[in-house]
Structures are given as structure tokens and as C-alpha cells.
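Scroll down for the structure; my scribbles are underneath it.
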Amino acid sequence: MPENSSSFFEKVYEVTGRIPYGRVTSYGAIAKYLASSGSARMVGWALNASHSRDDVPAHRVVNRVGLLSGKHHFQGSNLMQQLLESEGIQVIENKIVDFQKHFWLPE
DNA sequence: ATTCTGACGTGGG
DNA sequence: CCCCACGCCAGAA
């Protein structure tokens with residue numbers, strides 16, 4: 001609802017919040033959707049600040065190969081993986097199985 | 001103002 | 001398959 005998001009962060013939260021249950025996307029995809037640019041790093045940065053928000057499923061955002069690059073930033077050592085698996089997503093060696101199959105592109 | 005740092009991505013060797 | 005260099009840009013020191 002707040003398209004008045006003055007911050008880049010707000011936009012990232014907004015899009016991330018739209019990721020359907022059991023689906024995942026990449027930082028680059030979000031960055032492209034927002035800025036049509038390769039500012040994927042900013043997306044990860046923004047998600048870093050999403051800690052206070054529980055409405056931002058950051059665990060559904062991984063890098064372009066489906067690797068859980070940010071799992072180290074979650075509370076537990078494997079919380080991110082648990083969350084994904086609890087949504088029916090298979091994760092092996094910090095990597096999502098059939099990543100492309102679960103991939104979701106921002107609309 | 002300058003410098004450094006990233007939850008990334010692409011391209012080349 | 002692996003490793004490296006560059007681009008990208010918001011924020012902290």
C-alpha cells in the first residue's frame with residue numbers, strides 16, 4: 001500500500017512481501033523489477049534491515065543460482081533452510097533444488 | 001567530501 | 001568445474 005516509499009528499502013519490502021508461499025526469487029530479479037538495474041546488492045542490503053519486520057519473508061530470496069547466500073544472516077545456523085523446507089522447498093547443501101521450478105518473478 | 005563495505009550479477013580465463 | 005575483476009549504489013565511519 002505505501003507506494004510513497006521514499007526509501008529503496010520500502011520498495012524491496014513491498015516486493016518481497018508479495019512472494020507467494022512456497023515460491024522464491026532472486027536479488028537480481030527484485031533489483032531489476034525495481035530499478036531495472038543491476039543494483040542487486042542494494043536488495044540484499046535492504047533485506048538486511050528487514051530484521052525488524054516479520055512481514056518480510058527474506059528467506060524466500062536467494063541469489064541467482066538458488067544458493068542460500070544469506071542464511072548466515074538469520075538467527076539460527078539453518079533457520080533459512082528450515083523455513084524453506086517447511087514450505088515444501090527442497091534444500092541441499094545450502095542450495096534450492098529445482099530452483100527454476102520454484103522461481104517467482106515480481107509482477 | 002572521501003573511503004569502505006556488502007544477503008549480487010555478469011563476463012572472461 | 002573454479003577463480004578473478006569490474007559494475008552497481010545506499011549508508012556508515
Side-chain angles (χ1 to χ4, degrees):
Chain A
M1 58 85 198
E3 47 277 300
N4 280 349
S5 28
S6 38
S7 314
F8 184 87
F9 290 23
E10 292 297 325
K11 295 181 181 175
V12 175
Y13 301 150
E14 204 274 320
V15 177
T16 306
R18 281 189 227 161
I19 303 177
Y21 181 94
R23 294 295 192 95
V24 290
T25 191
S26 70
Y27 303 96
I30 296 177
K32 186 172 184 180
Y33 171 79
L34 292 177
S36 305
S37 184
S39 49
R41 290 182 134 174
M42 305 299 89
V43 177
W45 197 311
L47 287 178
N48 190 34
S50 74
H51 255 261
S52 19
R53 311 201 166 203
D54 39 353
D55 56 316
V56 181
H59 62 276
R60 294 181 188 151
V61 185
V62 295
N63 74 348
R64 67 161 182 98
V65 293
L67 198 60
L68 310 196
S69 39
K71 81 169 262 173
H72 224 238
H73 289 256
F74 282 78
Q75 292 183 12
S77 43
N78 58 336
L79 175 61
M80 189 175 186
Q81 175 169 342
Q82 283 181 35
L83 288 170
L84 288 171
E85 291 186 325
S86 73
E87 297 188 5
I89 296 178
Q90 221 174 359
V91 178
I92 297 177
E93 288 290 305
N94 298 333
K95 185 177 154 205
I96 295 179
V97 181
D98 293 327
F99 175 57
Q100 204 177 150
K101 189 175 177 182
H102 296 282
F103 191 79
W104 174 82
L105 218 62
E107 309 176 326

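Residue numbers start from 1 in every chain, and the chains themselves are labelled A, B, ... in the order their sequence lines are given, proteins ahead of strands. Given the structure is predicted, the values throughout are model-derived calculations rather than measurements.
Rounded to a whole Å, the CG atom of A:Leu84 is 18 Å from the P atom of B:dA7. Atom CG of A:Asn48 and atom C1' of B:dC8 are 14 Å apart (whole Å). Rounded to an integer number of Å, the gap from A:His73 NE2 to B:dT5 P is 15 Å. Atom CH2 in A:Trp45 sits roughly 9 Å away from atom C1' in C:dC9 (whole-Å rounding). In this structure, A:Gln75 places its CD atom 16 Å from C1' of B:dA7, rounding to the nearest Å. Taking atom CZ of residue A:Arg53 and atom C1' of nucleotide B:dA7, one finds them 17 Å apart after rounding to whole Å. A:Lys32 has its NZ atom 16 Å from the C1' atom of C:dG7, to the nearest Å. Between the P atom of B:dG9 and the CD1 atom of A:Ile30 lies a distance of 10 Å, rounded to the nearest Å.
Of the candidates B:dT10, C:dC9, B:dA7, the closest approach to any side-chain atom of A:Met42 belongs to C:dC9. Across B:dA7, C:dC9, B:dG9, the shortest atom-to-atom separation from the side chain of A:Arg64 is found for B:dG9. Nearest nucleotide to the A:Ala40 side chain, out of C:dC9, B:dG9, B:dA7: B:dG9.
Under the 3.5 Å distance criterion, with hydrogens and angles disregarded, no donor-acceptor pair is assigned to the side chains of A:Lys71 and A:Asn78.
For the OP1/OP2 pair of B:dC8 and a distance below 4.0 Å, the side-chain nitrogens and oxygens of A:Ser69 include at least one atom meeting the criterion.
Across all strands, A:Thr16 comes closer than 4.0 Å to no nucleic acid atom at all (heavy-atom distances).
With respect to the salt-bridge test (charged N to carboxylate O, under 4.0 angstrom), the residues A:Arg60 and A:Glu87 qualify.
Note: A:Lys95 NZ to A:Asn63 CG = 10.0 Å, rounded to the nearest 0.5 Å. Annotation: the span from A:Tyr21 atom OH to A:Ile89 atom CD1 amounts to 8.5 Å, rounded to 0.5 Å.
Without hydrogens or angle criteria, A:Ser50 side chain to A:Arg53 main chain gives no donor-acceptor distance under 3.5 Å.
Looking at A:Arg41, its side chain comes within 3.5 Å of the base of C:dG7 through a donor and an acceptor atom.
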